[in-house]
Trainee: 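My questions will all concern the structure given below.
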Protein chains: 2
Amino acid sequence: MAAPDALAQRLADSGLRSTPQREVIYDVILRKRDHPTADEVYARVRADMPSISLATVYNCLETLVQCDLVRAVNFERAPTRYCPNLHPHAHFHDEQSGSIHDIQLPAELLEKISSVLPAGYDAKSVQITFRGSASSPRLESAERRGKAQPAA
Amino acid sequence: MAAPDALAQRLADSGLRSTPQREVIYDVILRKRDHPTADEVYARVRADMPSISLATVYNCLETLVQCDLVRAVNFERAPTRYCPNLHPHAHFHDEQSGSIHDIQLPAELLEKISSVLPAGYDAKSVQITFRGSASSPRLESAERRGKAQPAA
DNA sequence: GCAACAAATTGGAATGGTTCTAAGTAGCAA
DNA sequence: TTGCTACTTAGAACCATTCCAATTTGTTGC
């Protein structure tokens, strides 16, 4: 047996199998880091695997989230989007274009944020979302190529 | 014409009328500040106004949000909740009980958070949500009585 | 007061992202 | 091979929310 890749390893850790569907979905999310919805993932995956079902896309995305390989992010009640960036970061939602941008957060700031919680409050996670308009073509094109982003 | 209350004034500012439905819905949200869903508001309002329709509850809540009298908050894809606290604040979502708590944010921290945005990003709003477990009966009972909260 | 107009409410149908269900398929273990 | 379990699949179901068309209500000018 060859050394399993990160996906197979993580799945195995949870007693799950690496399937062609899970692999191609994970690959799609890593390849274009534009926070696609389940429908968008479905459309992209069908290019490689036309027989896949939408239910499977939802199932696999849920599995990847469970295994901490992908993060689900929500904006208001819009369709859930998926993000392979596992570092703590905020999201910027550009209302004009609808695009999502990762925003890096200094560790020092994360500590300060957590410290506002009164005694008795134990937070497992924090979610920070900006809404507004972004106008930085340089950064956007870098993201489209899958390169380093303003926040990783 | 008597001096209009805050609700009537705000509605008038937007060219809207103060209706019995809008008044009772606003009152329900002010009275028990536990971030009710539209369905919960519907249930509470029907005690006073049995003939109101769910569509009207949704319409009125939307109107109150438009007039900046109430804020809509979302947690994952759960039903939208409504909050009369208009000061900048974060939310703590207690996963055990499902309850929502307002968390006050120092102005200094809000500035720091906004300053993490790279050039070209112009944020109109920030939303900060904690998830975890809270265990502070003193604070919870204070909230239930509609008194000062850990964050106002 | 009364017509005429605009705003608001209503019940029910429609929408749409997501989840459920039951049946089929595939891989692993004795 | 047989059995077992995990996984995938199509389609139905779910449910918060929005839409629609028909009233009802309120307001304004006469």
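By convention in this document, chain letters (A, B, ...) are assigned in the order of the sequence lines, proteins followed by strands, and residues within each chain are numbered from 1.
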Trainee: Hey, which of these two, C60(A) or E62(B), hits DNA chain D nearer its 5' end, going by closest nucleotide?
Mentor: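 Of the two residues, C60(A) wins.
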Trainee: Take the protein atom CG of L54(A) and the nucleotide atom P of dC7(D), then report the distance between them rounded to whole Å.
Mentor: 19 Å
Trainee: Looking at Y58(A), does any N or O in its side chain come under 4.0 Å of the phosphate oxygens OP1/OP2 on dT18(C)?
Mentor: yes
Trainee: Could you state the CG-P distance from L61(B) to dA16(D), rounded to the nearest angstrom?
Mentor: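 Checked: the CG to P distance equals 14 Å.
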Trainee: For the side chain of R17(B), starting at C-beta, report the closest nucleotide among dG26(D), dT9(D), dG11(C).
Mentor: dG26(D)
Trainee: Would you confirm whether R44(A), through its side chain, and V28(A), through its main-chain N or O, come within 3.5 Å as a donor-acceptor pair?
Mentor: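 No.
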Trainee: Quick check: closest heavy atoms across I52(A) and Y42(A), and the distance to 0.1 Å?
Mentor: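 Taking I52(A) first and Y42(A) second, the nearest heavy atoms are O-CE1, 3.5 Å.
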Trainee: Do you know which two heavy atoms are closest between C83(A) and H91(A), and how far apart they sit?
Mentor: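 Taking C83(A) first and H91(A) second, the nearest heavy atoms are SG-NE2, 3.9 Å.
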Trainee: Rounded to whole Å, how long is the line connecting atom CD1 of I52(B) with atom P of dA8(C)?
Mentor: 14 Å
Trainee: Is any side-chain nitrogen or oxygen of Q21(B) closer than 4.0 Å to OP1 or OP2 of dT10(C)?
Mentor: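 It does, given that an N or O in the side chain of Q21(B) lies less than 4.0 Å from OP1 or OP2 of dT10(C).
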Trainee: On DNA chain C, does the nearest nucleotide to A55(A) precede the nearest nucleotide to P79(A) from the 5' side, or the other way round? Give the residue.
Mentor: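 That would be P79(A).
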Trainee: Should T80(B) be listed as having a side-chain N or O under 4.0 Å from OP1 or OP2 of dA16(D)?
Mentor: no
Trainee: Can you tell me the distance, in whole Å, between the CG atom of N59(B) and the P atom of dC20(D)?
Mentor: 13 Å
Trainee: Are V65(B) and V73(B) joined in one hydrophobic group, where the rule is that I, L, V, M, F, W and Y side chains link up if heavy atoms are under 4.5 Å apart?
Mentor: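 They do not share one cluster, since no chain of ILVMFWY contacts under 4.5 Å joins V65(B) to V73(B).
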Trainee: Just N and O in the side chain of T56(A): are any of them under 4.0 Å from OP1 or OP2 of dT9(D)?
Mentor: yes
Trainee: Expressed in angstrom and rounded to an integer, what is the separation of E76(B) atom CD from dT18(C) atom C1'?
Mentor: 14 Å
Trainee: Can you work out whether Y42(B) or L16(B) has the more 5'-proximal nearest nucleotide on DNA chain C?
Mentor: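 Per heavy-atom nearest nucleotide, the more 5' residue is L16(B).
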Trainee: Do R77(A) side-chain atoms and A78(B) backbone N/O form a donor-acceptor pair below 3.5 Å?
Mentor: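 Looks like yes, one N/O pair under 3.5 Å.
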Trainee: In whole angstrom, what separates E23(B)'s CD from dG26(D)'s P?
Mentor: 11 Å
Trainee: Does dT9(C) have its OP1 or OP2 closer than 4.0 Å to a side-chain nitrogen or oxygen of T19(B)?
Mentor: yes
Trainee: Rounded to whole Å, how long is the line connecting atom CD1 of I25(B) with atom C1' of dA8(C)?
Mentor: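 From I25(B) CD1 to dA8(C) C1': 12 Å.
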Trainee: Looking across every strand, which nucleic acid part, if any, lies under 4.0 Å from S51(A) by heavy atom: base, sugar-phosphate, or nothing?
Mentor: sugar-phosphate
Trainee: Out of dC19(D), dC7(D), dT25(D), which has the shortest distance to the side chain of R22(A)?
Mentor: dC7(D)
Trainee: Please determine if a side-chain N or O atom of R77(B) lies less than 4.0 Å away from the OP1 or OP2 oxygen of dT18(C).
Mentor: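 Yes, because at least one side-chain N or O of R77(B) sits under 4.0 Å from OP1 or OP2 of dT18(C).
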